[in-house]
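For reference, the structure discussed in these notes is given below.
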Amino acid sequence: QVQLVESGGGSVLPGGSLRLSCAASEYVVSRYCMAWFRQAPGKGRASIAIINADGETRYAPSVKGRVTISKDNTKNSLVLQIASLKPEDTAMYYCAAISYTTRCLSRTGDSEYAYWGQGTQVTVAS
């Protein structure tokens, strides 16, 4: 059974940075299509970064240049680094995975992912 557990969220001042981690079951990070989503209050989940098994990435235009997705296959860990945080980045952040690797970087909808973590809250406020 695939398990995903996020950590690293918290309260941050505008302009600050955070490093979110997602601990995954063995082989998930190395073999699956994985992504970070976020859900702001009153809104649906939106994809912000995707990474395929080969380490290729895709970012949502709203965060491109401020966000980096990476993974460590040996540690079964997915990471999201966010810089220059803004109040509008306030949201619950989720990591997600799907075993299908075709069209990975095109999988921007939350319905395309089968496995989800419980989320980690990020709050950006002065």
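Residues passing the side-chain contact (heavy atoms from CB on, under 4.5 Å) test with Glu56 are Asn52, Asp54, Leu105, sequence neighbours excluded. Legend: residues meeting side chain to side chain donor-acceptor pair (under 3.5 Å) with Tyr93, ordered by chain and number and at least two apart, are Arg38. Under the salt bridge (charged side-chain N to carboxylate O under 4.0 Å, His left out) criterion, Arg107 pairs with Glu112, not counting sequence neighbours. For Gln121, the side-chain contact (heavy atoms from CB on, under 4.5 Å) test picks out Thr90, Met92, Thr123, with sequence neighbours left out. When the side chain to side chain donor-acceptor pair (under 3.5 Å) test is applied to Asp72, the partners found at least two apart in sequence or on another chain are Thr74. Applying the side chain to side chain donor-acceptor pair (under 3.5 Å) criterion to Arg31, with sequence neighbours excluded, gives no partner residue. Listed by chain and residue number, Arg58, Arg103 satisfy the side-chain contact (heavy atoms from CB on, under 4.5 Å) test with Ser106 (two or more places apart in sequence, or in another chain). Take Asp110 and apply the salt bridge (charged side-chain N to carboxylate O under 4.0 Å, His left out) test, not counting sequence neighbours, and it matches Arg45. Judged as a side-chain contact (heavy atoms from CB on, under 4.5 Å), and not counting sequence neighbours, the contacts of Ser84 are Arg66.
Taking OG1 of Thr57 as the reference point, atom NZ of Lys71 lies at 11.0 Å (rounded to 0.5 Å). With rounding to the nearest 0.5 angstrom, the CG atom of Asn73 is 10.0 Å from the CG atom of Leu78. In this structure, CD1 in Ile51 is found 9.0 Å from CE in Met34, a value given to the nearest 0.5 Å. Going from atom OG of Ser21 over to atom CD of Gln81 covers 8.5 Å, rounded to the nearest 0.5 Å. For the atom pair CG of Leu85 and OG of Ser17, the computed distance is 7.0 Å after rounding to the nearest 0.5 Å.
Side-chain heavy atoms closer than 4.5 Å link hydrophobic residues (I, L, V, M, F, W, Y) into clusters, and following such links, even through other members, never connects Val29 to Ile98. A chain of hydrophobic side-chain contacts below 4.5 Å, direct or via other Ile, Leu, Val, Met, Phe, Trp or Tyr residues, connects Val122 to Tyr59. Under a hydrophobic-cluster definition in which Ile, Leu, Val, Met, Phe, Trp and Tyr are linked whenever side-chain heavy atoms come within less than 4.5 Å, directly or via other members, Trp36 and Val79 are assigned to different clusters. Tyr94 and Val2 sit in two unconnected hydrophobic clusters of ILVMFWY residues. Membership requires side-chain heavy atoms under 4.5 Å apart, directly or through other members. Val124 and Val63 fall within a single hydrophobic cluster, where Ile, Leu, Val, Met, Phe, Trp and Tyr are joined by side-chain heavy atoms under 4.5 Å apart, directly or via other members.
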> Under the side chain to side chain contact (heavy atoms under 4.5 Å, CB included) criterion, do Ile69 and Ile50 qualify, and how do the steps go?
Replying inline: CA-CA 7 Å; Ile69 186 172; Ile50 306 169; 5.7 Å; no
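Taking the six-membered ring where tryptophan is involved, the planes of Tyr115 and Tyr32 are tilted, since the angle between them lies from 30° to 60°.
Minimum heavy-atom separation, Leu18 to Gly8: CD2-O, 3.6 Å. Scanning both residues, Phe37 and Ser47, for their nearest heavy atoms gives CD2-N, 3.3 Å. What you find for Ser126 and Pro14 is that their closest heavy atoms are N-CD, 3.7 Å.
Among residue pairs with one or both ends in residues 24-84, those qualifying as disulfide bond (SG atoms under 2.5 Å apart) are Cys33-Cys104; sequence neighbours excluded. Applying the disulfide bond (SG atoms under 2.5 Å apart) test to every pair with at least one member in residues 61-99, sequence neighbours left out, gives these pairs: Cys22-Cys95. The disulfide bond (SG atoms under 2.5 Å apart) contacts involving residues 40-90 comprise nothing, where partners must be two or more places apart or lie in separate chains.
The closest side-chain heavy-atom distance from Ile48 to Leu80 is below 4.5 Å. Using a 4.5 Å heavy-atom threshold, the side chains of Glu6 and Leu20 count as separate. In this structure, Thr120 and Ser7 have side chains that are not in contact, with every pair of non-hydrogen atoms separated by 4.5 Å or more.
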